[in-house]
Number of protein chains: 2
Amino acid sequence: MSQNVYQPHNHSHCVANALSQAQSLCHDKGARLTKVRQRVLELIWQSHKPVGAYELLPALANDGFNSAPPTVYRALDFLLDLGLVHRLHSLNAYVGCNHPGANHPVCFFICEHCGQAQELPNDKLNALTRQVEQVLGVQVHHQLTELTGLCPSCQPASGETTANDHA
Amino acid sequence: MSQNVYQPHNHSHCVANALSQAQSLCHDKGARLTKVRQRVLELIWQSHKPVGAYELLPALANDGFNSAPPTVYRALDFLLDLGLVHRLHSLNAYVGCNHPGANHPVCFFICEHCGQAQELPNDKLNALTRQVEQVLGVQVHHQLTELTGLCPSCQPASGETTANDHA
DNA sequence: CGTAATATTGCAACATTATAACCTAAGGTT
DNA sequence: AACCTTAGGTTATAATGTTGCAATATTACG
């Protein structure tokens with residue numbers, strides 16, 4: 001595991017790393033990380049809690065950008081295409097990817113209390129894919145697994161009082 | 001695998017089986033399988049292609065039922081609670097479950113050409129869950145995996161001409 | 001540089017999916 | 001029957017996402 005969002009960490013490193021990876025990826029692919037796109041990426045990376053498209057609009061307006069739905073959806077599409085963010089269907093929300101690149105299997109755990117989402121670079125996912133392909137004779141192009149439950153901080157543990165607040 | 005929707009099968013057996021399971025499950029739990037609820041379940045089971053909530057409305061109207069959104073959403077909520085149907089987030093659509101009962105891990109393969117969805121009773125899913133719980137220290141309550149790609153009939157195979165039509 | 005081609009953004013309207021709130025009807029129990 | 005609980009009818013609205021076209025910015029090229 002490259003990181004665990006449920007443990008204390010210097011989040012500015014997450015953001016800096018994400019931006020730097022985005023820049024080099026865009027450079028490599030000849031894609032343009034425009035101001036709106038970069039700002040949307042920054043906003044998404046403000047926390048590990050997936051953010052809805054419409055939540056981004058006021059923030060963009062605040063920064064002097066246009067803030068109609070197509071603006072943010074176009075930026076999101078761009079970031080999704082490059083694998084810089086993932087979309088969590090169960091939440092209709094978007095979250096940063098810390099190992100962007102090609103189309104890769106995606107598995108997230110989402111805490112149903114604090115809302116923070118942790119991506120898992122999971123070996124078992126590939127095994128699952130191969131098994132499905134064999135059993136059904138299908139070709140798998142994309143895959144997304146979403147697990148929900150309680151993260152360590154939000155479990156009503158014996159020792160702790162309770163929880164994280166939504167970050 | 002109890003069945004494979006991508007292979008020829010007597011679909012009336014699927015429907016009959018689903019209805020009979022629904023009836024006994026409702027009886028056991030003291031839940032009321034009313035006419036609207038049963039009709040919605042039948043409509044969902046008309047094919048293995050997940051169906052959107054708003055697609056059900058005209059069909060209900062046709063049968064003399066009320067057909068405003070809350071009607072169908074309430075029926076869907078009922079069926080979802082009992083595990084008689086699943087909701088596929090990537091499609092915003094609903095599909096029947098052929099082994100209803102308690103909350104169980106869900107894995108679907110969805111053909112991106114013909115739209116038919118096959119649920120997989122997958123052992124690997126539980127292994128995945130346990131691994132995630134151990135690595136992250138989390139408690140998993142629900143899980144949904146959605147794979148997309150091409151089913152055997154829809155692959156541009158060497159031998160075949162092409163595809164299924166959307167059923 | 002100047003111009004054409006391409007990519008991006010602004011803008012308005014609209015489509016799709018889902019829910020809230022409030023009331024009426026049906027069914028079950030005493 | 002009187003009462004309670006669950007289910008359904010109805011209207012309006014919220015939340016999420018898209019289409020189409022004009023305007024502008026960026027890049028490519030002569």
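Within every chain, numbering begins at 1; the chains are lettered A, B, ... in the order of the sequence lines, protein sequences first and strands thereafter.
The aromatic ring centres of A:H11 and A:H13 sit 6.0 Å or more apart. The aromatic ring centres of A:H86 and A:H104 sit less than 6.0 Å apart.
B:H48 and B:Q118 share no side-chain donor-acceptor pair at under 3.5 Å.
Residue contacts for A:F78: at a heavy-atom cut-off of 4.0 Å it reaches no nucleic acid atom on any strand shown. Contact annotation for A:F65: no contact, since no heavy-atom pair falls under 4.0 Å across all strands. At a threshold of 4.0 angstrom between heavy atoms, the contacts of A:R32 are confined to the sugar-phosphate backbone, with no base atom among them.
Here B:Y94 does not reach the OP1 or OP2 of C:dT17: none of its side-chain N or O atoms lies under 4.0 Å away. Taking 4.0 angstrom as the limit, B:N92 places a side-chain polar atom (N or O) nearer than this to OP1 or OP2 of C:dA18. OP1 or OP2 of C:dT9 has at least one side-chain nitrogen or oxygen of A:T34 nearer than 4.0 Å.
The aromatic rings of B:Y73 and B:Y94 lie perpendicular to each other, with more than 60° between the two planes, well past the 30° mark.
In terms of position along DNA chain D, the nucleotide closest to B:N66 lies nearer the 5' end than the nucleotide closest to the other residue of the pair B:Y54 and B:N66. Comparing B:L91 and A:P70 by the nucleotide of DNA chain C whose heavy atom lies nearest to each, the residue mapping closer to the 5' end is A:P70.
Contact annotation: side chain of A:R74 to base of C:dG10, donor-acceptor pair present below 3.5 Å. Taking only distance into account, the side chain of B:R37 never meets the base of D:dG8 through a donor-acceptor pair shorter than 3.5 Å.
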